[in-house]
Amino acid sequence: MPNTKRYLITGGVGFAVGTFFLWNYPNLGLGSALLGGLVIAALCLLYSAPLADMIKAGLIAGMFGAVMTIVYGTHKPGVAIIAGMVSGLGAGLLAFQRSPQANPKKAAILGAEAGAIAGAWTGLSLFVMAFVIAPAAGIDAGDFAEHLSETVILADVLGLGSDILILLFAFAFSTLSGAILGAASCAARSLPLRPNIPLLAVIALPVLLIPLIDRAGNLLLLDALIPIYIFILLALGLNIVVGYAGLLDLGYAAFFAIGAYTTAMLSSPHLGINLSFWLVIWVAAAVAAIAGLTLGAPTLPLRGDYLAIVTLGFGEIVPILFRSLGGGPPGGTLTLRFFGMPIGIEQVDLTGGNKGINPISPPHLPLIGDFDPSNKIPWYYLLILIMGLAIFFINRLRDSRQGRAWMAMREDELAADAMGINVVRTKLLAFSMGAMFSGFGGAFYGAFIGAIFPSSFDFSVSIILLCMVILGGLGNMTGVIVGGLLIQGADKMFIPKGAELFRRIAETKARAEGSSTVGVSALQDLTQQRLLLFGIVLVVMMLVRPEGLLPNERRKAELHPDDDTINSNSVAAEAEADPSLAA
Amino acid sequence: MAASQTPSSPQAAPLVPREPFLTKRRAFSIVGLIIFLGFFAIPIYQTILLEMWDSPRQLTQQIVIGLTKGTYIAVIALGYTLVYGILELINFAHGDLFMIGAFLALIFISLFGLDPKTSSGITIFFSLIGILGLVMVCTALMNAGIERFAYRPLRNAPRLAPLISAIGMSFVLQNVGIFLGDGLIWDKLAAGLGSDAIGRVADAMGTQSVAPKNIPDLLPNGQVFFIPDSLKYTYKDLLVAVVSLGLLAGLYSFVRFTKLGKAIRATAQDRDAARLMGINADRTISVTFLIGGALGGAAGMIVGLYNGTALFSMGFTAGLLSFTAAVLGGIGNILGSALGGLLIGLILALSDQYIGTRWSNAVIFAILVLILLFRPTGLLGQEGGQKA
């Protein structure tokens, strides 16, 4: 029974989660048990192999809809509809990817089925949220109905209960969008285009439409999405170093910091230099690339983990430098001695020390004027533009001579050297190219946040980026993007929102018991369990899919044939046998 | 090439010609290094050296402090080096295990009701020895458990998978530290069980789970020797150094002279060959993690008592320093880690005094880069071919 281990792992985790909720939030009672059970059932189903593709696709996409609805729904019930739509789109796409149909009608039916499953999930979770979680969190049922009717005017017109209506809407939209996507994927296949272009169009559409939906529903999604995209941009850069060139870099945040600080110094009143953002972003990328060379040069002779520790050191040194090169008393002098002669060095406040640099000038465009921090839409599209260019560029780079040299070096440095690849140049280019993209990311980040602090570039940033790259699938850009969306989405959207929800539940409970609401223990405060959840996710993901979610096909093929046959552990072999990527 | 070979001894000619010292690659490295260290220009070195020269007593004091710190850094570094030696895995969770050690020590001390004011010296002495044993057993079991569930299933997975798993475990352990440090949880437990001892733990932890905890000052503070004005050396320092060195010596002789130690070394060298020789590799790896965990926990308790505080994030900084120490000495090499630990301790103390605390990490990593540039596998590391 090769699957037993997976069942045990998922079942164990599900059981632990369920018990935890029951113990901490008994007033969630039935709802939490139901939810836990659903999650366990879904996970088990996901891992049992011979399951119809549409069910699998629907389940995967439906999980997203459910989480989205439960976490965001208490504040904005209308989000369930959007979640249903998005998960329906995802389900349709996945279902088609898993079993491509030649007939558009069949494809549409398959997509609709998958979308319906996803929609059922979303609808069900809306139901759980409306009748179990919202009352438990002390959100008044009357309030809730008002919220709903604000979002859906049709509720009054049709005279239906608004919860039921939204549930139906979510379900219907999900089914519909699943069907549309299934048919569209099929139709796109028959077009005389390169096969990935229609796919890209399908993915690009929601990405481009998000700001409009966000504004219409007043969901404030962009506040969370922009930092997520920035991190994905950084992860794409890191993927060049770790995924393509195989150089383990534990200090990547340093380049991010360098990009951001370059922007901050050159386009803020802090040093009196106030250049345009459109110029500074290139300067920041160039400076970061040079920093990549500077890191690369002394580490050339190092291999494997020795390299890792030096990059880690670099990642530690750079924030220390930024922290220390400033923030002192203005006009102070530092006295050093040169062969006995005292020399005074006037201290210049370059970086603002711990206080960082604030404010940083925003970009300026003729029609829009200065980008406004409160209106996120231009920022969003600018970032999409940068990311699109980065993805295009990295994609071309990967297939170029240089990219193939990186991969050759990753597989065997000695052999690559023997084949005439200039290893020195290849390594240095990998470092500086990778750094360049984080320079862009840093420049955008600095301008977007409008202020930078040395504490936002510490080791944890490097680690999270590395996790995004490895979790998604080393060397595969789609994988890195998916991994980034998952990790950053959990970190910046779902866990904070969920924490807020759970805090309200704990407070409601405390109020009902008549005890004080001040001291909520760490067990009940989800913000304090962020690390725990994140850690568990990392470990379980690695146990279930050690190669990452979407492993690079070539790399997967390279990794597996020569596996040790002595060890009978079959996890890796199973992953290889999994036909999920055969499409 | 052929012309330079001596015709008299064709066998002596090496298959691969020895690299000249100044290869292109190394030249690049040196140029890079000069840029890298550009921030620490000559006047700074001069200033520091002159400052050291001005006050030899201060220098001696810092060296004493540095060596004391170095001994416990070395003990933590051993945990990294053992695991790396056998699995080639940077066990990120090790630093956090060290933190758990400090928390467990505080919990046991509160459970036993030890108090420097009321308990007698002998009670404290024997209880501390007992607590040290308990802490070591707990962390050893934890570490072996982590290996069993988070690393063993990934033996044959791509190289970076166990690394991410280790990072994940590190986060989990940090959160365990937050839970252990939450007085409200202990309060609930004390109320449920009606136990005073657990109530004492709750008091020791306080209400803020992420705040630093105070560990009672149980180690003797008397002076071993004392030179007026600056140099002092307390029994506390001595004790820390003696216990740490004892652990180091114990571990070294264990790995060197016992049968299990031999198995560990064999497994580290070649796991499959060791397995063919009848060594149970899985068990050997478990034993390695048991030992590593025990050392980490012991170090946590020692440091906790020495510094008097425990904080859930203390494992990260300590882990970083000691992993650097292990790399500096040549990772996988026990004596190397000991040496690396002492060196890092020294550098840390000296740079704290002469350059400034905020620069210390930067200085440590700069020196690490410098050393790795000339010895790419650390001070005592073997030139290990293509490994990793």
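Here is the naming used below: chain letters follow the sequence lines, and residue numbers restart at 1 for every chain. Since we're looking at a predicted model, the values are computed, not measured.
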Contact class of A:Ile464 relative to chain B, heavy atoms under 4.5 angstrom: neither

Spatial distance of atom SG (A:Cys467) from atom CG (B:Leu163) [nearest 0.5 Å]: 8.5 Å

Less than 4.5 Å to any heavy atom of chain A: does that hold for the side chain of B:Leu368, its backbone, both, or neither? side chain

Here the gap from A:Leu250 atom CG to B:Phe323 atom CZ, rounded to the nearest 0.5 Å, amounts to 8.0 Å

So for B:Tyr151, is it side chain, backbone, both, or neither that comes closer than 4.5 Å to the heavy atoms of chain A? neither

4.5 Å side-chain heavy-atom contact, A:Ile309 and B:Ile331: no

Please look at B:Leu173 and chain A and tell me whether the side chain, the backbone, both or neither of the residue comes under 4.5 angstrom of a heavy atom of that chain. neither

Any side-chain heavy atom of B:Leu160 within less than 4.5 Å of one from A:Leu474? yes

Largest heavy-atom contact set with chain B, pairs under 4.5 Å, which of A:Leu471, A:Leu312, A:Ile470, A:Leu248: A:Ile470

Given side chains that start at C-beta, do those of A:Phe459 and B:Thr317 come closer than 4.5 Å, heavy atoms only? no

Looking at every heavy atom in both A:Val539 and B:Ala150, which two are closest together, and how far apart are they? CG1-CB, 4.1 Å

With a 4.5 Å limit on heavy-atom distance, are the side chains of B:Phe171 and A:Ile536 in contact? no

Side chain from CB out, backbone as N, CA, C, O: work out which of these in B:Ile90 comes under 4.5 Å of a heavy atom of chain A, or both, or neither. side chain

Closest non-hydrogen contact found for B:Leu154 with A:Met542 is CD2-O, 3.3 Å

Beyond-backbone contact of A:Leu532 with B:Phe179, side-chain heavy atoms, under 4.5 angstrom: yes

Value for OG (B:Ser165) from CG (A:Leu538), rounded to nearest 0.5 Å, stands at 8.5 Å

In terms of heavy-atom pairs under 4.5 Å with chain A, the winner among B:Phe149, B:Phe316, B:Phe92 is B:Phe316

